[in-house]
2 protein chains.
Amino acid sequence: MNRDDILKLDNQICFAVYACSREITKLYRPYLDEMGITYTQYVTLLALWEEDDMTVKRLGERLYLDSGTLTPLLKKLEAAGLVERIRDPRDERNVRIRLTGPGVRLKEQASGLPGRIVSRTGLSGEQAQSLHAGLNALLRNIHQPTREE
Amino acid sequence: MNRDDILKLDNQICFAVYACSREITKLYRPYLDEMGITYTQYVTLLALWEEDDMTVKRLGERLYLDSGTLTPLLKKLEAAGLVERIRDPRDERNVRIRLTGPGVRLKEQASGLPGRIVSRTGLSGEQAQSLHAGLNALLRNIHQPTREE
DNA sequence: CACCAATGCATTGCATGCAATTTAATTGAG
DNA sequence: CTCAATTAAATTGCATGCAATGCATTGGTG
C-alpha cells in the first residue's frame with residue numbers, strides 16, 4: 001500500500017467500525033422505538049438482564065461508558081419505570097441499579113431482536129463468528145483502563 | 001446458544017462493534033488533539049483528501065452522515081480554516097466543500113497516524129485484513145439508502 | 001480522633017448523530 | 001410559462017459520549 005492509499009477512507013478499519021456501528025444502530029431503531037428505548041438504553045438493559053443490581057461504576061466498566069453518560073441515561077430509564085436507582089446504605093458513594101418488574105418483563109419482548117438483526121446482516125454463522133472474535137480481540141487489545149508509558 | 005445466552009452482552013456483535021468504535025476513537029484522540037480536530041472531522045478530511053470539492057450530499061453518502069451532522073461540522077472546519085464552503089453557482093442548492101492550503105497540508109501530519117494506530121491494535125496484518133473484510137461485508141449488507149418492503 | 005487522599009457519582013460544556021421540519025432552488029408536467 | 005413536486009442544505013430538538021470539574025463519602029495515617 002503506497003503513501004496515498006494509506007489515508008484512503010476505505011482502507012481504514014477505524015472508519016469501517018465507526019460506520020458499521022452507526023448503521024447497526026439504525027437497524028435496531030425501529031424495533032427499539034416500539035419498545036420505547038434507545039440503543040444505549042438497550043445495551044444497558046442487556047447488561048442488567050444478565051446481572052441485576054450493579055453499581056454505576058460496574059455498569060460503566062461493562063459498557064465502556066462513564067458516569068457522565070450513564071447518570072442521565074439511568075435517570076431516563078428510571079423515569080420510564082424500567083429501573084430503580086438506590087444509593088447503597090452501606091457505602092453511600094455507590095448507586096445500585098436494579099430492574100423493576102416492567103424492566104424485567106421487557107426482556108421477553110427483546111428476546112427475538114438479536115435473531116432478527118442477525119438475519120438482516122446477511123452474514124453466515126461462520127462469518128458472524130469470525131467477525132465477532134476479531135472485534136473482541138481488538139477490544140481487548142486496545143482497552144487500557146489505566147495507561148502506562 | 002440457549003434462550004438466555006442470546007441476550008448476553010458478550011454474545012452481541014452489535015455491542016462489540018459499538019464498544020470498539022468508541023475505544024478506537026479514544027485511541028485517536030491524543031493525536032487528533034494535537035492536530036486540533038475531532039474524530040469526525042478527521043474522517044471528513046480523509047474523504048476530502050481522497051476526493052476534493054465534494055457536495056455536502058456526496059460527502060454524506062461517503063461518510064454515512066446527513067446534513068444535520070455535516071453542516072455544523074463543516075462550519076467548524078471552515079472556521080478552523082481547513083475547508084471552504086462554496087455554494088455552486090450552477091445549482092445553488094449544492095454546497096461544495098473544498099480544502100484550503102492548510103487543509104491540504106494537514107494531510108502530511110496525518111500520514112503517520114494509521115500506522116501508529118494499527119500497531120496499537122496489536123492485530124497482525126492478516127487479522128486486520130480479515131476483520132476489515134468482515135466489516136465491509138456487513139456494511140454493504142445492511143446499508144440500504146432507500147428501504148424496500 | 002483529625003485530616004487528607006481516594007473513590008463514586010453528578011454536573012457542565014462541547015461535539016456529534018439523527019429524525020423531523022423548514023427553506024431555497026430547480027425541475028417537470030400541463 | 002406556471003405551479004406543484006423534488007432536491008439539497010440548514011435548522012431544531014433530543015439523546016448520547018466524554019473530558020473536566022465538583023461534591024459527598026470513605027479509608028488510611030499519624
Side-chain angles (χ1 to χ4, degrees), chain A residues 15 18-30 32-33 36-44 54-80 85-97 143 145-147, chain B residues 15 18-30 32-33 36-45 54-80 83 85-97 143 145-147:
Chain A
F15 176 70
Y18 165 70
C20 253
S21 175
R22 288 182 289 113
E23 291 299 316
I24 290 177
T25 302
K26 283 180 205 168
L27 275 192
Y28 274 91
R29 197 180 312 277
L32 296 179
D33 279 351
I37 56 177
T38 65
Y39 183 75
T40 312
Q41 291 168 12
Y42 169 68
V43 295
T44 303
M54 278 189 275
T55 63
V56 173
K57 177 183 166 63
R58 170 125 180 78
L59 202 46
E61 288 165 355
R62 204 81 182 81
L63 300 174
Y64 302 88
L65 291 171
D66 71 359
S67 71
T69 301
L70 284 174
T71 295
L73 183 145
L74 292 168
K75 283 184 178 175
K76 275 167 214 156
L77 284 179
E78 186 179 40
R85 296 164 60 247
I86 302 155
R87 216 159 258 282
D88 190 331
R90 284 168 313 192
D91 183 343
E92 300 216 345
R93 287 172 303 184
N94 294 315
V95 169
R96 310 196 73 89
I97 309 300
H143 181 57
T146 49
R147 297 278 309 107
Chain B
F15 176 70
Y18 165 70
C20 254
S21 175
R22 288 182 290 112
E23 291 299 316
I24 290 177
T25 303
K26 284 181 205 168
L27 276 191
Y28 273 92
R29 196 179 314 275
L32 297 179
D33 279 350
I37 56 178
T38 64
Y39 182 75
T40 312
Q41 292 168 12
Y42 169 68
V43 295
T44 303
L45 290 174
M54 278 189 275
T55 63
V56 173
K57 177 184 167 61
R58 169 125 180 77
L59 202 46
E61 287 165 355
R62 204 78 182 82
L63 301 174
Y64 303 88
L65 291 170
D66 69 0
S67 69
T69 301
L70 284 175
T71 295
L73 183 145
L74 292 168
K75 284 183 177 175
K76 275 167 215 157
L77 284 178
E78 186 180 42
V83 306
R85 296 164 60 247
I86 303 156
R87 217 160 259 281
D88 190 331
R90 285 167 313 191
D91 184 342
E92 298 215 346
R93 288 173 302 184
N94 293 316
V95 169
R96 309 195 74 89
I97 310 300
H143 180 58
T146 47
R147 297 282 307 108

From [atom1] of [X] over to [atom2] of [N], roughly how many Å is that when rounded to an integer?
X	N	atom1	atom2	result
B:Arg29	D:dA20	CZ	C1'	12 Å
B:Ile97	D:dA8	CD1	C1'	12 Å
B:Leu32	D:dC18	CG	P	14 Å
A:Arg90	C:dG8	CZ	C1'	15 Å
B:Leu70	C:dC18	CG	P	10 Å
A:Ile86	C:dC9	CD1	P	13 Å
A:Ile24	C:dG17	CD1	P	15 Å
B:Leu59	D:dA10	CG	P	12 Å

Check: Step by step, would you call A:Thr55 with A:Asp88 a side-chain contact (heavy atoms from CB on, under 4.5 Å)?
Finding: CA-CA 9 Å; A:Thr55 63; A:Asp88 190 331; 6.0 Å; no

Phosphate OP1/OP2 of [N] contacted by [X] side-chain N/O (<4.0 Å):
X	N	result
B:Asn94	D:dA9	yes
A:Arg87	C:dC9	no
B:Thr40	C:dA15	no
A:Arg22	C:dC18	yes
A:Thr69	D:dG17	no
A:Lys75	D:dT16	no
B:Lys26	D:dG17	no
A:Tyr18	C:dG17	yes

With sugar-phosphate meaning primed atoms plus P, OP1 and OP2, does [X] contact a base, only sugar-phosphate, or nothing at under 4.0 Å between heavy atoms?
X	value
B:Leu65	sugar-phosphate
A:Thr25	nothing
A:Arg85	sugar-phosphate
B:Asp66	base

Would you check if the side chain of [X] reaches a backbone N or O of [Y] as a donor-acceptor pair within less than 3.5 Å?
X	Y	value
A:Asp33	A:Gly36	no
B:Arg22	A:Tyr64	yes
A:Gln41	A:Thr38	yes

Output the single nucleotide from [options] whose closest atom is nearest the side chain of [X].
X	options	answer
B:Gln41	D:dT16, C:dT16, D:dA8	C:dT16
A:Arg93	D:dG17, D:dT25, C:dA25	D:dT25
A:Val95	D:dT16, C:dC9, D:dA19	C:dC9
A:Thr38	D:dT16, D:dC18, C:dC9	D:dT16
A:Leu73	D:dT25, D:dA10, D:dT16	D:dT16

Checklist line | Test applied, side-chain contact (heavy atoms from CB on, under 4.5 Å); reference residue, A:Leu70; option that passes from A:Ile97, A:Leu63, A:Val95, A:Leu77 | finding: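 With A:Leu70 as partner, A:Ile97, A:Leu63, A:Val95, A:Leu77 yield a single side-chain contact (heavy atoms from CB on, under 4.5 Å), made by A:Leu63.
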
Note to self: So, under a plain 3.5 Å distance rule, would you say the side chain of A:Ser67 forms a donor-acceptor pair with the base of C:dA10?
What the structure shows: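 Such a pair exists between side chain and base.
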
Margin query: Tell me if the centroids of the rings in B:Tyr18 and A:Tyr39 come within less than 6.0 Å of each other.
Written below: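 Yes: the rings meet the under 6.0 Å criterion.
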
